[in-house]
Amino acid sequence: MVMRIVNYTNVCVAQCDYCAFYVLPNQNGGYVLSRDEVFAKIDELVEFGGDLVAFNGGFNPKLPLDFYCDLFAAVRERYGETVEFYALTVAEFVFLADRARLTYAEAAARLRDAGVHWVTGGGSEILTEDFRARHAKWKYTVRDYLEAQRAIIESGMRTTATMVIGFDETLEERLEHLQRTRDFQDACLSDGYDGLFSFLCWTYKPYGTAFGGREIDAREYWRHIALSRIFLDNVRHVRTSVLTQNEDAFRALDYGADDFDLPIEDEVTQKAGARIELDLEGLLAIPRRLGYETVYRRAERPAALASE
Ligand code: SF4
């Protein structure tokens, strides 16, 4: 996939200590992209040959759920099926449902009716209550997160699993995250849902964050991808992170990953030190040299929404 993460606002009240992206509502430097700015970013993505947008921003208390529904409906109307988009992360979805005083099912129905097909599993980082209390205590609990994700699936939209490693999490916490993901997927499948489309793991970028720290090396990342591939045998695709591992991401194909995207922008990780390479053919040459055939993949419309 070739994709662009569109960060529509950097204003956020969650104050995660591992984030270099946000500003508080009354601080200087906060922004909200206009609709024209969003369209311009999508047009530029299309010129690059991409067709997947991932909207991601902060918990901005001035932007209600209706703002997002209007934006997503406008994107769907302008681009139809030629561009697919991940509308929000699960964490942002929880915030918006909470602010709108809606159940997760009601909030999911609003998004779906606005033309949304996908809400990504972003914002999970490490799914243990202790990790969240240490680093992101206003980013909701693991229980909130998983209940919201289940409601998204039940609404007919699709979602993905994510994980971020390389903070101060213990190996037990990494395993707990994988166990919770596996259990969640088992429950979805046994209830007749497709569940999580894929599992994407990326690595923490520490630069400019309050928490700081150092990056883990590529070998640790590859080992974790291998572990995830074995552990999550009920999730079909494992996606490696070109955004945070650059050239090293492709070696993860040897460790069980079978999916990746080439991002052309993500301000959140770029502010924390991520480097984006725009020579897409140069990037694709790396997996080809490793012996892989690269195939362009589109984010498909979910089967449950196919008749609409
Ligand atoms: S990681 Fe997301 S939720 Fe946390 S402070 Fe940054 S923008 Fe806000």
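Position 1 is the first residue of the sequence; numbering continues from there. Note that ligands are numbered from 1 as they come in the structure, with each ligand's atoms numbered from 1 the same way.
In this structure, Y204 and F211 have tilted ring planes: the angle between them lies in the 30° to 60° band. In this pair, Y255 and W222 present their aromatic rings parallel. The plane angle is below 30°, not in the 30 to 60° band. Ring orientation note: the planes of Y8 and F55 are tilted relative to one another, at an angle of 30° to 60°. Taking the six-membered ring where the residue is Trp, F93 and Y104 present tilted rings, their angle falling between 30° and 60°. Taking the six-membered ring where the residue is Trp, F59 and Y140 present tilted rings, their angle falling between 30° and 60°.
Contact annotation for Q15 and ligand 1: only backbone heavy atoms (N, CA, C, O) come within less than 4.0 Å of the ligand.
The A14 neighbourhood of ligand 1 comprises atoms 3 (S), 8 (Fe), with distances under 4.0 Å to a heavy atom of that residue.
Nearest to atom 6 (Fe) of ligand 1 among the protein's heavy atoms is C19 SG, 2.4 Å. Atom 1 (S) of ligand 1 has its closest protein heavy atom at K139 NZ, 3.6 Å. Looking from atom 4 (Fe) of ligand 1 to the surrounding protein, the closest heavy atom is C16 SG, 2.3 Å.
C12 lies close to atom 8 (Fe) of ligand 1, since one of its N, O or S atoms is found at a distance under 2.8 Å.
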